[in-house]
Number of protein chains: 2
Amino acid sequence: MSTFKAKVFVTLKPSILDPQGRTVERALSHLDHGNVSGVRVGKYIELTLSGSRAEVEAQLKDITENVLSNPVMEDARWELSEQQGEELVGA
Amino acid sequence: MSTFKAKVFVTLKPSILDPQGRTVERALSHLDHGNVSGVRVGKYIELTLSGSRAEVEAQLKDITENVLSNPVMEDARWELSEQQGEELVGA
């Protein structure tokens, strides 16, 4: 039984309009950052899970796909690292 | 003049309460994920910048600290990678 730190990244699918990102982009352009484009605002979620690695991986996949993101509009990927341990990357 | 992809991660400082994270944690616990703790919800922002590497780095630092995050309550870090190029990590 170990403790794992997970990071989940949720982004809108490229085909979905992102009004929040557009607003940030326009604000930046007014602040003399006219060379900035393609701003997309997503979510970044950190969580701690305890259990065996296999259990935690399956659980994190389920949580990412079914709780933290809406698969119709969003893409999600996750990273899992054992506390002070090696890293694992998934999508 | 190159094009760079930037990723910015904004998280609440550890001492700041995160009601959104608490809500997710409680929801997960009701969904039989009682081994999940320490849920924190932050922002993940992707942007594209054009210019020389030195300019873009300075600009991204400024944008991250002054536009995309509130340094009183939030921590922010960024990653910069040239389109199909090597990666640079900052905080």
Side-chain angles (χ1 to χ4, degrees), chain A residues 1-14 18 20-52 55-56 58-69 74-80 83, chain B residues 1-14 18 20-52 55-56 58-69 74-80 83:
Chain A
M1 177 110 153
S2 314
T3 305
F4 297 86
K5 273 270 183 202
K7 297 175 183 177
V8 177
F9 307 87
V10 180
T11 48
L12 284 169
K13 284 187 192 290
D18 180 358
Q20 197 181 351
R22 279 293 296 140
T23 304
V24 171
E25 199 170 313
R26 221 169 310 136
L28 286 173
S29 144
H30 289 306
L31 293 166
D32 283 329
H33 296 298
N35 62 330
V36 178
S37 62
V39 180
R40 308 282 292 175
V41 180
K43 277 176 286 181
Y44 168 64
I45 301 140
E46 292 178 336
L47 36 168
T48 305
L49 301 97
S50 57
S52 72
E55 273 167 22
V56 164
Q59 192 185 4
L60 183 58
K61 188 170 186 303
D62 174 42
I63 290 175
T64 300
E65 288 169 8
N66 300 316
V67 182
L68 299 178
S69 72
E74 292 170 329
D75 290 322
R77 64 187 181 80
W78 51 265
E79 290 175 8
L80 189 66
Q83 291 285 58
Chain B
M1 179 112 155
S2 315
T3 304
F4 297 86
K5 273 270 184 200
K7 298 175 181 176
V8 177
F9 308 87
V10 180
T11 48
L12 284 169
K13 284 188 193 287
D18 181 357
Q20 197 181 353
R22 280 291 296 140
T23 304
V24 171
E25 197 170 316
R26 220 168 312 134
L28 287 172
S29 145
H30 289 305
L31 294 167
D32 283 330
H33 295 298
N35 62 330
V36 178
S37 61
V39 181
R40 308 282 290 176
V41 180
K43 277 176 288 182
Y44 168 63
I45 301 140
E46 291 178 337
L47 37 169
T48 306
L49 301 97
S50 57
S52 72
E55 272 167 24
V56 164
Q59 191 185 5
L60 183 58
K61 190 171 184 303
D62 174 43
I63 290 175
T64 301
E65 288 169 8
N66 300 315
V67 183
L68 299 176
S69 72
E74 293 170 328
D75 290 322
R77 64 187 180 81
W78 51 266
E79 290 175 8
L80 189 67
Q83 290 285 58

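Every chain is numbered from 1, with letters handed out A, B, ... down the list of sequences.
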Starting at CD1 of A:Ile45, measure out to CD of B:Gln20 and round the result to the nearest 0.5 Å.
-> 8.0 Å
Closest non-hydrogen contact found for A:Arg77 with B:Tyr44 is NH2-OH, 3.9 Å
Using non-hydrogen atoms and a 4.5 Å limit, figure out which bit of B:Thr11 sits close to chain A: side chain, backbone, both or neither.
-> side chain
Best-contacting candidate, A:Ser37, A:Ala27, A:Gly38, A:Ala6, against chain B by heavy atom pairs under 4.5 angstrom = A:Ser37
Against chain A, label B:Val41 side chain, backbone, both or neither, depending on which of its atoms sit under 4.5 Å from a heavy atom there.
-> both
Report the option among B:Val56, B:Val10, B:Thr3, B:Val39 that has the most heavy-atom pairs separated by less than 4.5 Å from atoms of chain A.
-> B:Val39
Can you tell which part of A:Val67 gets under 4.5 Å to a heavy atom of chain B, answering side chain, backbone, both or neither?
-> side chain
Chain A heavy atoms under 4.5 Å from B:Leu60: which part of the residue, side chain, backbone, both or neither?
-> neither
Highest number of heavy-atom pairs under 4.5 Å with chain A among B:Thr48, B:Leu47, B:Val8 belongs to B:Thr48
Would you say the side chains of B:Asn35 and A:Glu55 form a donor-acceptor pair under 3.5 Å?
-> no
Nearest 0.5 Å, what's the NE2-CG distance between B:His33 and A:Asn66?
-> 8.0 Å
Counting heavy-atom pairs under 4.5 Å to chain A, which of B:Gly21, B:Gly51, B:Gly42 comes out on top?
-> B:Gly42
So which of B:Glu25, B:Lys43, B:Glu46 has the biggest tally of heavy-atom pairs under 4.5 Å with chain A?
-> B:Glu46
Please flag which part of A:Val36 lies under 4.5 Å from any non-hydrogen atom of chain B: side chain, backbone, both or neither.
-> both
Honestly, the part of A:Leu68 sitting under 4.5 Å from a heavy atom of chain B is side chain
Structural part of A:Ile63 lying under 4.5 Å from a heavy atom of chain B | side chain
